Amino acid sequence: MGVGTLYRHFPKRELLVEAVYADQVERLGASARELLAQHPPAEAFGLWMVVFTDWAATKHGMVDALRALISSGRVEPGRMRQQLIEIVSLFLHAGVAAGDLRSDVAAPDVAAILTGVLGVAGAPDQRAEAVRMLNIVLDGLRPGGPAHPGDQAR
């Protein structure tokens with residue numbers, strides 16, 4: 001595609017960023033389904049979390065453009081969050097059915113945790129730190145873990 005064609009399809013930078021974002025989110029969902037087809041659910045989720053971390057790191061430079069899209073209303077933060085929750089739900093449902101992920105965990109909670117990890121270790125040079133944290137998250141999602149005080153607050 002030439003530059004002229006690119007500008008005809010995407011006359012504003014925000015339109016291009018929106019199209020790239022939508023495509024990439026679809027690819028994240030596709031990679032989730034592929035990993036689930038090839039690996040046990042807990043292992044697939046661990047692999048996907050690394051894919052997600054790498055994806056987020058590549059978007060680190062697009063943060064300002066994504067903020068502009070959110071501010072303009074073209075991409076809603078709620079929609080972005082819902083897409084992540086849907087992907088996480090795929091793993092949790094499969095993992096519960098297979099018995100390798102806990103049944104008492106809500107997808108919105110796990111999505112928030114993933115977002116939190118990326119908030120403190122989302123830069124490209126923090127990949128190893130993020131992966132270590134995600135491994136802790138995955139360990140916490142496995143069944144048979146210790147009961148924690150305050151779990152009754154659910």
Side-chain angles (χ1 to χ4, degrees), residues 1 10 13-71 74-151 154:
M1 178 183 304
F10 305 105
R13 180 175 183 245
E14 290 82 13
L15 295 174
L16 176 60
V17 171
E18 180 182 7
V20 168
Y21 167 78
D23 177 67
Q24 293 298 308
V25 169
E26 176 55 38
R27 288 178 191 228
L28 280 173
S31 71
R33 292 183 293 277
E34 289 170 17
L35 288 167
L36 277 168
Q38 299 169 3
H39 303 277
E43 181 183 344
F45 194 29
L47 293 168
W48 182 85
M49 286 192 290
V50 174
V51 168
F52 179 63
T53 300
D54 290 344
W55 174 84
T58 64
K59 303 305 173 257
H60 201 70
M62 290 178 49
V63 170
D64 291 336
L66 284 172
R67 281 190 187 127
L69 285 173
I70 291 168
S71 294
R74 295 186 66 87
V75 173
E76 299 173 23
R79 186 176 99 199
M80 294 168 67
R81 185 178 189 288
Q82 187 57 40
Q83 290 167 320
L84 178 57
I85 290 169
E86 289 170 8
I87 293 170
V88 168
S89 292
L90 289 173
F91 289 107
L92 292 179
H93 291 300
V96 168
D100 64 353
L101 293 175
R102 291 171 43 179
S103 62
D104 63 338
V105 178
D109 294 342
V110 176
I113 292 167
L114 295 179
T115 302
V117 168
L118 295 179
V120 297
D125 63 338
Q126 296 174 309
R127 184 179 192 270
E129 183 180 358
V131 170
R132 279 193 315 273
M133 287 187 233
L134 293 172
N135 285 331
I136 293 168
V137 171
L138 187 57
D139 287 345
L141 293 173
R142 294 184 190 278
H148 298 281
D151 278 351
R154 289 182 185 233

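Being a predicted model, the structure only gives us computed values, none of them experimental.
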Provide the full list of salt bridge (Lys or Arg N to Asp or Glu O under 4.0 Å) pairs with a residue in residues 113-127, sequence neighbours left out, each pair given once.
-> Asp54-Arg127
Rounded to the nearest 0.5 Å, what separation is found between the CD atom of Glu34 and the CG atom of Leu47?
-> 12.5 Å
Please report the closest heavy-atom contact between Ala107 and Ser89, naming both atoms and the distance.
-> CB-OG, 3.1 Å
Search all heavy atoms of Ala94 against all heavy atoms of Leu36 and return the closest pair with its distance.
-> CB-CD2, 3.8 Å
Atom pair CG (Leu28) and CD (Glu86), whose distance is rounded to the nearest 0.5 Å = 12.5 Å
Of all heavy-atom pairs linking Leu138 and Gly46, the shortest is CD2-CA, 3.7 Å
Where do Asn135 and Val131 land on the side-chain contact (heavy atoms from CB on, under 4.5 Å) test, with the steps shown first?
-> CA-CA 6 Å; Asn135 285 331; Val131 170; 3.8 Å; yes
Taking only residues at least two apart or on different chains, which pairs with a member in residues 85-130 satisfy ring-ring contact (aromatic ring centres under 6.0 Å, His included)?
-> Phe45-Phe91, Trp48-Phe91
Using side-chain contact (heavy atoms from CB on, under 4.5 Å) as the criterion, list what pairs up with Val96, not counting sequence neighbours.
-> Ser103
Provide the full list of ring-ring contact (aromatic ring centres under 6.0 Å, His included) pairs with a residue in residues 96-121, sequence neighbours left out, each pair given once.
-> none
Minimal non-hydrogen separation, Ala32 against Leu90, with atom names | CB-CD1, 4.3 Å
Glu43: partners by side-chain hydrogen bond (donor to acceptor under 3.5 Å, both in side chains), with sequence neighbours left out | His39
Taking only residues two or more places apart in sequence, or in another chain, which ones meet Arg132 in a salt bridge (Lys or Arg N to Asp or Glu O under 4.0 Å)?
-> none
OG1 of Thr53 to CG of Leu134: how many Å apart, nearest 0.5 Å?
-> 4.0 Å
Would you confirm whether Glu129, through its side chain, and Gln126, through its main-chain N or O, come within 3.5 Å as a donor-acceptor pair?
-> no
Nearest heavy-atom pair of Arg102 and Gly140: which atoms, and what distance?
-> NH1-O, 3.0 Å
